[in-house]
2 protein chains.
Amino acid sequence: MNAREKKIYWAKAKVLKALAHPTRLWMAEQLAGGERCVCEFVDAVGVDFSTVSKHLAVLKKAGIVADEKRGKKVFYRLKVPCVLNFMDCIESVIRSESSCECR
Amino acid sequence: MNAREKKIYWAKAKVLKALAHPTRLWMAEQLAGGERCVCEFVDAVGVDFSTVSKHLAVLKKAGIVADEKRGKKVFYRLKVPCVLNFMDCIESVIRSESSCECR
DNA sequence: CCGTTGTTTGGCAAAATAGCCAAACGTCGT
DNA sequence: ACGACGTTTGGCTATTTTGCCAAACAACGG
């Protein structure tokens, strides 16, 4: 793994890392059903406004979502929907793990 | 997001988190080309034996790879190859980010 | 049985992450 | 201009993650 490769894998890992949090993953999936404002997530997730905002900022910085301000509210939308194609595979990992992992 | 859902998303995030590290992601991709022993990775990645071992343990615990001891060496193989299907999408995120993210 | 090789484990320090609070900011209605 | 609402930012602490070192283990060769 040379320096160039290292850079590439660091970038890829950043995208994965953005999704690798229960709340962020859940929010990303919600956005698949259409845009949502921050306040909607706050109610649904049950954490602080600032926490939701920071999570969304992580997703945005990773290039996964985009935000748009309309009036007082900020709406987030899924910029790259393919990120959710992965979920079937993830679920198969979880299933195979629980069936094969002996203890 | 109720308690049940929270559990599910926590589990999904765990799998993603396992892949969300440059070294682990790189190793997972290497394993797509067939099994490798720990020592091969040590040479290629340039970190400590123990570090490689721990990274592989994370992937194993997540259910992504499996290990098998043969003689002195431990060989790791990709248990769920679909995890790499995601890479095209990740790359498109990176591309769209660099082209659209205005600064 | 001893040394060597390949790997894992425990322990530690440094760095990154998560989530709360308080404060700041932008937009709207009045 | 003022207050209310929706959001972001800064700061703080607690927790997690990373990676090195040293020690422990396991399997083989002589």
Side-chain angles (χ1 to χ4, degrees), chain A residues 1 3 6-7 9-28 30-31 35-62 64-77 101 103, chain B residues 1 3 6-7 9-28 30-31 35-62 64-77 101 103:
Chain A
M1 194 162 57
K6 212 168 266 183
K7 213 169 186 175
Y9 281 87
W10 188 86
K12 288 185 187 179
K14 199 186 84 177
V15 177
L16 282 164
K17 210 184 290 188
L19 288 169
H21 184 285
T23 302
R24 289 198 294 266
L25 188 55
W26 184 84
M27 294 196 296
Q30 295 302 302
L31 292 179
E35 60 175 24
R36 301 269 189 283
C37 71
V38 182
C39 51
E40 288 177 278
F41 285 130
V42 174
D43 296 339
V45 179
V47 294
D48 202 72
F49 260 96
S50 63
T51 304
V52 172
S53 181
K54 277 175 184 170
H55 277 313
L56 287 166
V58 171
L59 288 171
K60 183 183 166 189
K61 201 167 174 184
I64 295 165
V65 304
D67 62 340
E68 187 192 350
K69 184 158 200 170
R70 286 206 302 277
K72 289 187 257 190
K73 299 184 176 177
V74 177
F75 290 90
Y76 281 84
R77 65 181 177 77
E101 194 90 351
R103 183 185 39 85
Chain B
M1 193 160 58
K6 211 169 266 183
K7 212 168 185 177
Y9 280 87
W10 188 85
K12 288 186 187 177
K14 198 185 85 177
V15 177
L16 281 165
K17 209 185 289 189
L19 288 169
H21 185 286
T23 301
R24 290 198 293 266
L25 188 56
W26 184 84
M27 292 196 297
Q30 295 302 302
L31 291 179
E35 60 175 23
R36 302 269 189 281
C37 72
V38 181
C39 53
E40 287 176 279
F41 285 131
V42 174
D43 296 339
V45 179
V47 294
D48 200 73
F49 260 95
S50 61
T51 303
V52 171
S53 181
K54 277 175 184 170
H55 278 313
L56 287 167
V58 171
L59 288 171
K60 183 183 165 189
K61 201 167 173 184
I64 295 165
V65 305
D67 62 341
E68 187 191 349
K69 185 156 200 169
R70 286 207 301 278
K72 288 186 260 191
K73 298 185 178 178
V74 176
F75 290 90
Y76 282 84
R77 65 181 176 78
E101 196 89 351
R103 183 184 36 89

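Proteins come first, then strands; the chains are lettered A, B, ... in the order of their sequence lines, and each starts at number 1.
On the nucleic acid side, DNA chain C contacts chain B at distances under 4.0 Å to non-hydrogen atoms, with the end points of that region at C/dT5 to C/dG11.
Between the CZ atom of B/Phe49 and the P atom of D/dA26 there is a distance of 18 Å, rounded to whole Å. In this structure, A/Arg36 atom CZ and D/dT7 atom P are separated by 14 Å, rounded to whole Å. Rounded to whole Å, atom C1' of D/dT7 lies 16 Å from atom CD of A/Glu35.
Aromatic ring pairs are classed by plane angle as parallel below 30°, tilted from 30° to 60° and perpendicular above 60°; the pair A/Tyr9 and B/Trp26 is perpendicular.
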Going by atom type alone, with no hydrogens or angles, which donor-acceptor pairs under 3.5 Å involve a side-chain atom of residues 37-48 of chain B and a protein atom two or more places apart or on another chain?
| from | atom 1 | to | atom 2 | distance (Å) |
| --- | --- | --- | --- | --- |
| B/Glu40 | OE1 | B/Cys37 | N | 2.9 |
| B/Asp48 | OD2 | B/Ser50 | N | 3.1 |
| B/Asp48 | OD2 | B/Ser50 | OG | 2.7 |

Identify each atom pair where a protein N or O and an N or O of nucleotides 27-30 of chain D are less than 3.5 Å apart, giving names and distance.
none

Check nucleotides 14-19 of chain D against the protein and report each pair of N or O atoms closer than 3.5 Å, with its distance, or say if there are none.
| from | atom 1 | to | atom 2 | distance (Å) |
| --- | --- | --- | --- | --- |
| D/dT18 | OP1 | B/Arg24 | NH2 | 3.3 |
| D/dT18 | OP2 | B/Arg24 | NH1 | 3.2 |
| D/dG19 | OP2 | B/His21 | NE2 | 3.4 |
| D/dG19 | OP2 | B/His55 | NE2 | 2.6 |

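Residues A/Leu31 and A/Tyr76 come closest through the heavy atom pair CD2-O, 3.3 Å. Contact detail for A/Ala62 and A/Ala18: the closest heavy-atom pair is CB-CB, 3.5 Å. The minimum heavy-atom distance between A/Arg24 and A/Leu59, with the atom names listed, is O-CD1, 3.8 Å. Nearest heavy atom pair, residue B/Ala20 against residue A/Ala20, reads CB-CB, 4.4 Å. The shortest heavy-atom contact between A/Leu19 and A/Leu25 is O-CB, 3.6 Å. In this structure, A/His55 and A/Thr23 approach most closely via the heavy-atom pair CD2-CG2, 3.9 Å.
Nucleic acid contact for B/Phe41: none, since no nucleic acid atom lies under 4.0 Å from a heavy atom of the residue. No contact: A/Phe75 has no heavy atom under 4.0 Å from any strand.
With sequence neighbours excluded, the residues that form a side-chain hydrogen bond (donor to acceptor under 3.5 Å, both in side chains) with A/Lys12 are B/Glu29, B/Glu91. Checked against side-chain hydrogen bond (donor to acceptor under 3.5 Å, both in side chains), B/Glu35 has the following partners two or more places apart in sequence or in another chain: B/Arg70.
With rounding to the nearest 0.5 Å, the separation of NZ in A/Lys14 from NZ in A/Lys61 is 7.0 Å.
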